[in-house]
Amino acid sequence: MPSHRLVQWISRTHGLKAAEDLYAELSDVHFLQGRKLNDVAALAEAAFKVNGVPTAKTLTFLADEGQAPTADTIRETYAYVQQLGIHAIPTFVVNGGKHVIQGAAHADEFEQVLHHIQDTDEPINPPLFADLLGITNRDLFQPTTSFAPCL
């Protein structure tokens with residue numbers, strides 16, 4: 001749970017690109033270095049390495065279970081994801097959940113969805129998770145260029 005809280009906290013405080021960069025680093029920490037993602041020292045090191053967040057600041061956040069996002073927020077988000085039937089990584093939620101592409105999808109699937117939206121003048125729906133996770137529109141629409149690697 002600490003790693004999930006940290007990624008969402010970084011989303012709120014440093015933006016989605018910073019959270020994506022942290023997520024990629026945490027994948028390395030876990031899969032390549034063999035460290036546990038509930039090791040707060042490893043999490044603080046990763047946040048500093050990737051985003052320059054002072055270690056003490058990260059440790060203070062992780063120690064304060066009442067500071068948002070809380071573990072309850074993460075559990076609520078997980079329950080919501082399960083309710084939507086999302087069970088694969090990666091999963092792309094398009095147009096507020098009207099279209100869901102799961103797993104190792106081919107580019108044709110994305111093309112079909114985007115053409116359908118364009119050709120049918122489908123109304124644009126609000127993002128599903130932003131409100132639940134406290135992500136602002138400013139952060140939501142900030143351009144990102146990196147994606148966590150698939151291992």
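All residue numbers in this chain count up from 1 along the given sequence. Being a predicted model, the structure only gives us computed values, none of them experimental.
For the pair T70 (side chain) and G66 (backbone), a donor-acceptor distance under 3.5 Å is absent. Checked by atom type and distance alone, the side chain of Q102 pairs as donor or acceptor with a backbone atom of H87 at under 3.5 Å. At least one donor-acceptor pair closer than 3.5 Å links the side chain of R5 to the backbone N or O of Q67. Proximity of a side-chain donor or acceptor of N125 to a complementary backbone N or O of N95 within less than 3.5 Å is detected.
Checking T58 against T55 by side-chain atom types alone, no donor-acceptor pair falls below 3.5 Å. A donor-acceptor contact closer than 3.5 angstrom is absent between the side chains of Q33 and D28.
Between Q8 atom CD and T73 atom OG1 the span is 9.5 Å, to the nearest 0.5 Å. Residue H14 holds its NE2 atom at 10.5 Å from CG of L22, rounded to the nearest 0.5 Å. With rounding to the nearest 0.5 angstrom, the CG atom of L32 is 9.5 Å from the CD atom of E25. The distance from atom CD of Q118 to atom OG1 of T120, rounded to the nearest 0.5 Å, is 9.5 Å.
Residues V29 and F48 do not share a hydrophobic cluster, clusters being chains of Ile/Leu/Val/Met/Phe/Trp/Tyr side chains in contact below 4.5 Å. Grouping the Ile, Leu, Val, Met, Phe, Trp and Tyr side chains by contacts below 4.5 angstrom, directly or via other members, places L59 with L26. Side-chain heavy atoms closer than 4.5 Å link hydrophobic residues (I, L, V, M, F, W, Y) into clusters, and following such links, possibly through other members, connects L43 to V53. Both I10 and V40 sit in one connected hydrophobic cluster of ILVMFWY residues. Membership requires side-chain heavy atoms under 4.5 Å apart, directly or through other members. Residues Y80 and Y78 fall into different hydrophobic clusters, defined by Ile, Leu, Val, Met, Phe, Trp and Tyr side chains chained together at heavy-atom separations under 4.5 Å.
For the pair T60 and K57, the minimum side-chain heavy-atom distance is 4.5 Å or more.
Between W9 and F61, the angle of the ring planes stays under 30°, which puts this pair in the parallel group of the 30/60° scheme.
What you find for A41 and R35 is that their closest heavy atoms are C-NH2, 4.4 Å. The minimum heavy-atom distance between R12 and P69, with the atom names listed, is NH1-N, 3.7 Å. What you find for S11 and A19 is that their closest heavy atoms are OG-CB, 3.1 Å.
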Checking N38 against M1 for the side chain to side chain contact (heavy atoms under 4.5 Å, CB included) test, could you report, in this order, the C-alpha distance in whole Å, the side-chain angles of both residues, the deciding distance, and whether it holds? CA-CA 7 Å; N38 62 355; M1 191 67 64; over 6 Å; no

Decide side chain to side chain contact (heavy atoms under 4.5 Å, CB included) for F110 and I101; before the verdict, give the C-alpha distance in whole Å, the side-chain angles of both, and the deciding distance to 0.1 Å. CA-CA 8 Å; F110 292 94; I101 303 170; 3.5 Å; yes

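Legend: residues meeting ring pair (Phe, Tyr, Trp, His ring centres under 6.0 Å) with H99, ordered by chain and number and at least two apart, are H116.
A salt bridge between K36 and D39 is absent, with no side-chain N of the basic residue lying under 4.0 Å from a carboxylate O of the acidic one.
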